[in-house]
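To start, the structure itself, in structure tokens.
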Amino acid sequence: MHSAVLLIEFGSIILGLGLLGRFAGRYRLSPIPLYLLAGLAFGEGGLLPLGASEEFVATGAEIGVILLLLMLGLEYTASDLVTNLKSHYPAGLVDCALNAVPGAVAALLMGWGPVAAVVLAGVTWISSSGVIAKVLGDLGRVGNRETPVILSVLVLEDLAMAVYLPIVTALVAGAGLMTGSITLAVALAAAGLVLFVAVRYGRLISRFVSSDDPEKLLLVVLGLTILVAGVAQQLQVSAAVGAFLVGIALSGEVAEGAHTLLSPLRDLFAAVFFVFFGLHTDPASIPPVLLPALALALLTAVTKIATGYWAARRAGISVKGRWRAGGALVARGEFSIVIAGLAVSAGIEPSLGPLATAYVLILVVLGPLTARFTEPLAMRLFRRGDNPDRPAGHAEAAPRAAEAEASVGD
């Protein structure tokens, strides 16, 4: 009987997620807020709480986090990460300062303590790569000059996750200074070792994993990822970091093949993860934190726009391109929920989960709007009308050139 109920509940969840995803796709929306709302509806204090399938959903959610980080690592080669780190680290520092600090300050002002402050800093810092990539594609901006700047900021955030997640894992586990320092040192050493091995021997690793049979490739990559994630978690580093490092170590045709094979699995288990997070958030706990979440969302939307503007200006992008870059970075999503989930599972602060849920719901909806309308609104407000496809200095140089020609004519 228990098995039948589990199958009915889990089947209903997957079917519901599919219908929600189809609805979101029809209107070109991110399905993340719908998945969270579904979790809220069927979780603690919801309309119809689930019982039999909760443990199964919890395991699926953990696999979802692992696959999210694995797929993230597959997007980059080790050399790409090293190049981005060398070239664009100032933008990463500005991004951290402008967007992590508001979250930390907000947690301290609400009296949540330093651990919750570190967690909320990560929630407000990390943009949603998935939502942003989809929005850029929908708006036809993949080939724009500012797009590499946007991607470089996202890459730096992803790379920072390899350092940040072990810190959060140690803090929420209640590790002392010595244990936390050892955990961080292990994580940094592992990340550095993987980057070194991937740069020097990436082809050999990929050749070892490679297979012409999709089934064997899928089993080897998935098995290796879950194994490494488990070892990383046993070392108190973070299963997500382990999965991310496996993704970085693979490159070339293996990475492309694994990405294609694992994408449907990633989408399935990531959706389950969002539902699981919603299941453990009582809807009644959201209204008390709605105003702080809204204030924090609006503030960090502005700071993300400022981050993109500054990074694009540093890269010599025109004024319109700077505003587009800033507006595109606003969306938060999957990794904000991953970070908040670590604290929620450890019982750090009861209000942190509801606030993170409300915060992500607001910005995952607001993000596509800021990506589309930040530039035209800024141009109207600041009366700047330079060509988006040429450097900002060119627009200023044209009048000077005309003046010079006029003076010569005189």
Side-chain angles (χ1 to χ4, degrees), residues 32-33 35-36 39 61-62 64-73 92 95-96 99-108 110 112-132 154 156-175 180 183-184 187 229 232-233 236-244 270 273-274 276-278 280-281 289 292-293 296-297 300 304 329 331-364 367:
I32 293 175
Y35 296 157
L36 287 171
E62 194 166 357
V65 174
I66 290 170
L67 289 177
L68 278 170
L69 271 294
L70 169 66
M71 300 295 282
L72 185 63
D95 182 27
C96 179
N99 298 288
V101 171
V105 171
L108 293 175
M110 288 185 285
W112 289 358
V115 174
V118 174
V119 172
L120 193 56
V123 171
T124 59
W125 175 16
I126 305 296
S127 297
S128 171
S129 302
V131 174
I132 292 169
L154 295 177
L156 289 169
E157 288 181 352
D158 298 339
L159 187 58
M161 290 277 283
V163 177
Y164 174 80
L165 283 176
I167 296 174
V168 173
T169 303
L171 289 175
V172 299
T183 299
L184 180 58
Q233 189 159 307
Q236 298 296 316
V237 172
S238 170
V241 171
F244 180 62
F273 166 72
F274 293 124
F276 177 74
F277 188 85
H280 288 266
T281 302
V289 297
L296 193 58
T300 53
K304 273 292 181 182
L329 286 169
R332 307 316 198 270
E334 58 272 24
F335 294 114
S336 295
I337 296 297
V338 169
I339 294 166
L342 293 173
V344 170
S345 61
I348 296 301
E349 169 57 48
S351 298
L352 182 56
L355 185 138
T357 301
Y359 176 81
V360 169
L361 285 172
I362 293 168
L363 287 183
V364 82

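All values below were derived from every heavy atom in this structure, side-chain atoms included, with hydrogens, water molecules and symmetry-related copies excluded.
- Here the side chains of V101 and W125 are not in contact, with every heavy-atom distance at 4.5 Å or above.
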(message) Before you tell me yes or no, could you show the steps for M161 and F244 under side-chain contact (heavy atoms from CB on, under 4.5 Å), namely the whole-Å CA-CA distance, both residues' side-chain angles and the distance that decides it to 0.1 Å?
(response) CA-CA 9 Å; M161 290 277 283; F244 180 62; 5.8 Å; no
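- If you take OG on S128 and CG on L363, they are separated by 10.5 Å, rounding to the nearest 0.5 Å.
- Every side-chain hydrogen bond (donor to acceptor under 3.5 Å, both in side chains) that S127 has, sequence neighbours left out, goes to K304.
- Between V338 and I126 there is no side-chain heavy-atom pair separated by less than 4.5 Å.
- Within the 4.5 Å cutoff, the side chain of L355 has heavy atoms near those of the W112 side chain.
- With contacts defined as side-chain heavy-atom distances shorter than 4.5 Å, the pair L120/L296 qualifies.
- Across all their heavy atoms, V360 and S336 have their closest contact at CG2-CB, 3.8 Å.
- Results of the side chain to side chain contact (heavy atoms under 4.5 Å, CB included) test with E157 over L329, N99, D95 single out D95 as the only residue that passes.
- When all heavy atoms of A229 and I66 are compared, the closest pair comes out as CB-CD1, 3.8 Å.
- Residues V364 and V131 form a side-chain contact, since some pair of their non-hydrogen atoms from C-beta on lies under 4.5 Å apart.
- Residues T300 and R332 are in side-chain contact: their nearest non-hydrogen atoms beyond the backbone lie under 4.5 Å apart.
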(message) Please determine whether side-chain contact (heavy atoms from CB on, under 4.5 Å) holds for the pair Y359 and V289, giving the CA-CA distance in whole Å, both sets of side-chain angles, and the decisive distance to 0.1 Å.
(response) CA-CA 9 Å; Y359 176 81; V289 297; over 6 Å; no
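- Pairing each heavy atom of A356 with each of A340, the nearest pair is CB-CB, 3.6 Å.
- Of the inter-residue distances, the one linking F273 atom CZ with L67 atom CG reads 12.5 Å to the nearest 0.5 angstrom.
- Contact detail for V118 and Y164: the closest heavy-atom pair is O-OH, 2.6 Å.
- When side chains are defined from C-beta on, V119 counts as touching I339, because their heavy atoms get closer than 4.5 Å.
- To the nearest 0.5 Å, atom CD1 of residue I337 and atom CG of residue L36 are 5.0 Å apart.
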